[in-house]
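Heads up, the thing below is written out as structure tokens.
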Amino acid sequence: MADGDRMADMAGAARANCFEPEIETATREDIRRMQLEKLRKQVAWACGRVPWYRERFRELGVAPEDIRALGDVRRLPFTDKQVLRDTYPFGLAAMPLDEVVRLHASSGTTGKPIVIGYTRRDLDTWSDCVARLAAMAGVRRGDRVQMAFGYGMFTGGFGLHQGCEKLGCMMVPAGSGNTERHLMMIEDYRTTVLISTPSYALHMCEAGESLGFDWKSASLRVGLFGGEPCTPGMKREIESRMHIVCTDNYGLTEVNGPGVGGECLASRDMNHIAEDHFLWEIIDPASGEPLPEGSEGELVLTQLDKEAFPMLRYRTHDLTRITTEPCACGRTHARMAKVRARTDDMLIVRGTNVFPSQVEDALAGIQGVAPHYRIVLDNETGMDRITIMVELKPEAFSDSFEQMDRLRHHVIDRLRQKLLITPAVRLLEPGRIERSFGKSKRVEDKRDKS
Ligand code: DLL
């Protein structure tokens, strides 16, 4: 075969595996040049089409033409969940809604969720990002991928599904829950890749072991885990019990969902960011000022090619640090450290985001319930468990077991509607929740994070 043909052949094979060397191993200068070109277009797009951005730009006295270098991104306004609440549901749309072919949503701090829309091209870009992270983790065409995220408003299910399908995998859209059925599918369909939160993977380990499932001879090879922090301890545990390579991937609804970054097999403690689609900044969460490369701070992301709901300078509230040092895998895209903490009070319970204010909201409407509660989190059983301790008003407290149990179930129902997960609830006598005089301590997180 002639050299030219071989090169074309290799490029074709690489593309089939969703590895794009010309992008993923581009020089830092080329990456920055590509980012600047896309940033300028994206800023003009957002400002030209979304009144909210236009107004903020006007207030800050900045125009799209002022973006001459990547550093000029700092002249743009920040966005956050609050902006999405204020413009709920479609105020940030930059395309007519009949061009929007999909919506996803995630928890807002209170009340309404935040909503994000995608055009067909946005879905395509999103799939490319996911296909890339799956390929980085060693997933290949022909792999059989078992999905344990739910298919719903949460971006995990559809996002990872369409990306792995694009890679050419056989998708098994099992969805969340029903662990025994999952185990059966691994055995019967000989699936090779599992997608879930790391805590659900641990739960599967345990459930499998108790049923005598033989993980060592099972077909699974790779875990694509994300949506919540995976501690080094969890990772070791899953790898040794499930006999798979456990990889992490990161993302958030506001900037598509999964696909912002993922782990390569050379740098197991960091995630490569898809820098052709996202411009990152690390800022001091208190001052909003940029921090030097390598320092820990809040991750801020700007999408570089989003049509429907463009997010500029989105404050993720996730704490991390980023390096552009070369990686042993040969990829040149920056790497972010695993996210272990947030700057706000958002809790992640089995992959679902929970804000204490949502609990407060749910309890506020229930007769007989006092405005005193505590959220207790633990993972003694391997899975995250959330218990809400709820104090009752004197008139609601009763000696009747049936009456108390009815009220407890009512409280569980109300919380479930708001939180989208089912918490355990303990009803307490009046006065049992300790009062505090300073900032009240609503959350007791007893989860083992080692
Ligand atoms: O969790 C998107 C996602 C789904 C990513 C599936 C990966 C896999 P949200 O529900 O909007 O979106 O939650 C986003 O979850 O800001 C982080 O705090 C946290 N998070 C997501 N992935 C990771 C991870 C999805 N790998 C919020 N490590 C983010 C640590 C993560 N935290």
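Atoms within a ligand are numbered from 1 in the order they appear, just like the ligands themselves.
- Between F158 and H104, the two ring planes are tilted [angle within 30° to 60°].
- Note on E59 versus R56: salt bridge recorded, some NZ/NE/NH1/NH2 to OD/OE distance being below 4.0 Å.
- When each atom of ligand 1 is checked for a heavy atom of T155 under 4.0 Å away, the hits are 2 (C).
- Interface of D248 with ligand 1, defined as ligand atoms under 4.0 Å from a residue heavy atom, comprises 24 (C), 26 (N).
- Counting only distance, with no hydrogens or angles, the side chain of R85 and the backbone of D80 share no donor-acceptor pair below 3.5 Å.
- Nearest protein heavy-atom contact of atom 21 (C) of ligand 1 is G251 O, 3.3 Å.
- Ranked by closest heavy atom to atom 13 (O) of ligand 1, the top entry among L252, V260, D318, N353 is N353.
- The shortest N/O to N/O separation between E228 and ligand 1 falls below 3.5 Å.
- In summary, the atoms of ligand 1 found under 4.0 Å from a heavy atom of N249, numbered by their order in the structure, are 7 (C), 8 (C), 22 (N), 24 (C), 26 (N).
- Applying the 4.0 Å criterion to heavy atoms of G156 picks out, from ligand 1, the atoms 4 (C), 6 (C).
- Atoms of ligand 1 found under 4.0 Å from any heavy atom of I348, numbered from 1 in the order shown, are 15 (O), 18 (O), 19 (C).
- Within ligand 1, counting atoms from 1 as listed, the ones closer than 4.0 Å to a heavy atom of V339 are 30 (C).
- Of all atoms in ligand 1, listed by their number and element, those nearer than 4.0 Å to a heavy atom of F149 are 6 (C).
- Applying the ring-ring contact (aromatic ring centres under 6.0 Å, His included) test to every pair with at least one member in residues 226-263, sequence neighbours left out, gives no pairs at all.
- Note on ring orientation: taking the six-membered ring where Trp is involved, the planes of Y200 and H203 are tilted (angle from 30° to 60°).
- Between G351 and ligand 1, no pair of N/O atoms sits closer than 3.5 Å.
- Side chains of F154 and T253 form no contact here, defined as non-hydrogen atoms less than 4.5 Å apart.
- Formation of a donor-acceptor pair under 3.5 Å by the D122 side chain with backbone atoms of K306 is not found in this model.
- Comparing T253, V255, L224 against atom 12 (O) of ligand 1, the shortest heavy-atom distance belongs to T253.
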